[in-house]
Amino acid sequence: MPKECRRKSSKDFGLSGTGINEGSRLERRTAGKASHTCDDHVEKAAQIAASSATGAPTVMDAPRVPQVTITPESGGSSREMQQEDWDDAVDGALRRKLSNSSVSSTGSSAVESEDDLLSDNESKSKGIITLEHLDTVESKAWWKLKTIVHWPFSVTQKRKLNWVQLAGHKGNFKAADEGNILKKFSENEMLCFEKLRDDALLPFVPGYHGTLEKDGECFLHMTDLLVNFDLPNVMDCKMGVRTYLEEELVRARERPKPREDLYTKMMEVDSEGPTPQEHSQRGVTKPRYMQWRETISSTNTLGFRIEGIKKCDGTCRTDFKKTRSKEDVIQVFKDFVGGNGNITKCYLSRLTEIQQALKTSQFFRQHEVIGSSLLFIHDHTSKAQVWIIDFGKTTALPEGQTLSHDICWQEGNREDGYLWGLENLIHTLESVSNEVTAEETFRSVATETDCCQTIEADGQ
Ligand SMILES: Nc1ncnc2c1ncn2[C@@H]1O[C@H](COP(=O)(O)OP(=O)(O)OP(=O)(O)O)[C@@H](O)[C@H]1O
Ligand SMILES: O=P(O)(O)O[C@@H]1[C@H](O)[C@H](O)[C@@H](OP(=O)(O)O)[C@H](OP(=O)(O)O)[C@H]1O
């Protein structure tokens, strides 16, 4: 089963009346048994916002965990929306007509453990993909929408958008109206975006335009960060020293579920990776695989790792699993910026801004940030930006608890090493900048020398 099947969607969201504070285990067990739609999610987010405004606790009492999702592998079929599918706008927000397609039959699987939900290699996205881009029919109405809307597009207006997805799994993204994309709904991520609305990190995360339902499937509607670039170069760096939640570790200990797909992925990289026991069972548990990934890459040693790169010439690489040493990472970055000192400096200054914002961010203090990436984008105009993306596994801490993000992780302290990783990332780019500047200086001196020699030669 592909990874997108682990994301909780409107189709299988087993929300009970007590809402967000309930344990994930219960949510998993009830997954798919109730008919909940985007409205429910949005309502919950509104409750959080309201409780925040009244000073009531805004974060969950218990640690939040990755959510389980059962969705169709295809990501849901689309149909042409009719005007009558729309409900009237009330106070600027649209009420959604209850759809008969809000619950998927695939959403009714009884899910006991995250490790039951296997993904496979084929489901992993590997770069440039074509998203269906749909222009709005009712663009005016569209822009008024703040929270939940019906799909306001006509199939007849389809056009293709070449887009790059450097990490994650196939089918997680769809094109939306111009300049925006849709990402499969996850509760964690929605809650994060809602909380980020009032946070110091807001300028560094993609614009979030609420949830959107299409054919009973729920999506997060956000800005496409690539839109203002001309043939962008893109790099995804996964941040932190740990890429799995403590909860996943506990669960794997309680109910170890060796996964053959992870064993196969491990074997593809290193046939000596699996232990004799893992070889004999032809299976590896998720945390064990994730820890192994962290060890062979720079996650453990530098607090970040390169996941993928797409260059403006159309080439795309996601084979960085063993890119581990500082020197190798510097080399990859240098190649990514094409030896361009200006772009490197732009990236450095943006990273420093992000670092400052993280240090003042209340959201950051109160969340364990796992699996989030920094997305680097630049083009030939020397425009260069860095964005914080992917909050699918970013989890609120219990009320009153905070993290420092730059101390060692020990099971139980939930530290993620994000700031330490960022510090190392900044050092990496500083090294790139120094090397690039030295090379530029060398080149200009060499050119001057050449000129002098030419002049001397001419003068003779
Ligand atoms: N707002 C955005 N604008 C442009 N590209 C994006 C945006 N969000 C994500 N991407 C692209 O999609 C890729 C995957 O994004 P993201 O990490 O959010 O997905 P995911 O499925 O949650 O990944 P994972 O499974 O690793 O957690 C990124 O590497 C990037 O290439
Ligand atoms: O990069 P790789 O080597 O392909 O390994 C995947 C990667 O670590 C993803 O981050 C992880 O998803 P999450 O971060 O969402 O846990 C996924 O788990 P999955 O197979 O359970 O989807 C792994 O298989």
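Counting starts at 1 for both ligands and their atoms, following the listed order.
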Show the numbers, then the answer: is there a salt bridge (charged side-chain N to carboxylate O under 4.0 Å, His left out) between Lys322 and Asp270? CA-CA 10 Å; Lys322 284 164 63 171; Asp270 180 5; over 6 Å; no
Give the atom numbers and elements of ligand 1 that come within less than 4.0 Å of a heavy atom of [X].
X: Ala167; value: 13 (C), 14 (C), 29 (O)
X: Val164; value: 11 (C), 31 (O)
X: Asp236; value: 28 (C), 29 (O)
X: Met222; value: 1 (N)
X: Ile181; value: 1 (N), 2 (C), 3 (N), 7 (C)
X: Asp224; value: 3 (N), 4 (C)
X: Lys238; value: 26 (O)

In sequence, state the C-alpha distance, the side-chain angles, and the governing distance for Asp261 and Arg259, and then conclude on salt bridge (charged side-chain N to carboxylate O under 4.0 Å, His left out). CA-CA 6 Å; Asp261 62 320; Arg259 287 173 48 176; 2.8 Å; yes
For [X], take its heavy atoms, then give the atoms of ligand 2 lying under 4.0 Å from any of them.
X: Lys321; value: 3 (O)
X: Tyr289; value: 2 (P), 3 (O), 5 (O)
X: His169; value: 22 (O)

Within the supplied structure, the quantity of interest is the number of heavy atoms (other residues, nucleotides, ligands) at a distance under 6.0 Å from [X] [atom1]; does it exceed 12?
X: Gln356; atom1: CD; answer: yes
X: Lys326; atom1: NZ; answer: no
X: Gln277; atom1: CD; answer: no

Is there a heavy atom of [X] sitting under 4.0 angstrom from any atom of ligand 1?
X: Lys183; answer: yes
X: Trp387; answer: no
X: Thr223; answer: yes
X: Phe391; answer: no
X: Glu307; answer: no

Closest by any non-hydrogen atom to [atom]: pick that one out of [options].
atom: atom 23 (C) of ligand 2; options: Lys265, Lys393, Arg293; answer: Lys265
atom: atom 9 (C) of ligand 2; options: Glu248, Lys238, Met266; answer: Lys238
atom: atom 26 (O) of ligand 1; options: Ser372, Cys237, Gly308, Gly168; answer: Gly168

Taking distance alone, with no angle check, do [X] and ligand 1 share an N/O pair under 3.5 Å?
X: Phe173; answer: no
X: Glu189; answer: no
X: Leu225; answer: yes

Is the distance between the ring centroids of His279 and Tyr263 less than 6.0 Å?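 His279 vs Tyr263: aromatic centres under 6.0 Å.
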Run the contact test for Ile370 against ligand 2 with a 4.0 Å cut-off on heavy atoms, strictly below, and give the result.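 Under 4.0 Å: no for Ile370.
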Under-4.0 Å heavy-atom contact with ligand 1, by part of [X] that carries it:
X: Ile389; answer: side chain
X: Asn172; answer: side chain
X: Val234; answer: neither
X: Asp390; answer: both
X: Lys393; answer: neither

Quick one: [atom1] on [X] to [atom2] on [Y], what's the gap to the nearest 0.5 Å?
X: Tyr418; Y: Phe364; atom1: OH; atom2: CZ; answer: 6.5 Å
X: Ile343; Y: Ile377; atom1: CD1; atom2: CD1; answer: 12.5 Å
X: Lys345; Y: Leu429; atom1: NZ; atom2: CG; answer: 12.0 Å
X: Phe391; Y: Lys195; atom1: CZ; atom2: NZ; answer: 11.5 Å

Is [X] salt-bridged to [Y], cutoff N-O under 4.0 Å?
X: Arg253; Y: Glu411; answer: yes
X: Lys174; Y: Glu217; answer: no
X: Asp230; Y: Lys383; answer: no
X: Lys359; Y: Glu423; answer: no

Under 4.0 Å from ligand 2, counting heavy atoms only, is it the side chain of Tyr244, its backbone, both or neither?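 None of Tyr244 does.
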Is there at least one pair of N or O atoms, one from Asp261 and one from ligand 2, spaced under 3.5 Å apart?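 For ligand 2, there is no N or O atom that lies under 3.5 Å from one belonging to Asp261.
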Could you go through Lys183 and Asp390, starting from their C-alpha distance and side-chain angles, then the distance that decides it, and tell me whether this counts as salt bridge (charged side-chain N to carboxylate O under 4.0 Å, His left out)? CA-CA 10 Å; Lys183 180 175 176 183; Asp390 194 0; 3.3 Å; yes
Tell me the salt bridge (Lys or Arg N to Asp or Glu O under 4.0 Å) pairs involving residues 233-245, sequence neighbours left out?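 Of all non-adjacent pairs touching residues 233-245, those that pass salt bridge (Lys or Arg N to Asp or Glu O under 4.0 Å) are Arg242-Glu368.
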Matching residue for Phe376 among Tyr347, Phe229, Phe304, Trp387 - test: ring-ring contact (aromatic ring centres under 6.0 Å, His included):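 Testing Phe376 for a ring-ring contact (aromatic ring centres under 6.0 Å, His included) against Tyr347, Phe229, Phe304, Trp387 leaves exactly one candidate, Tyr347.
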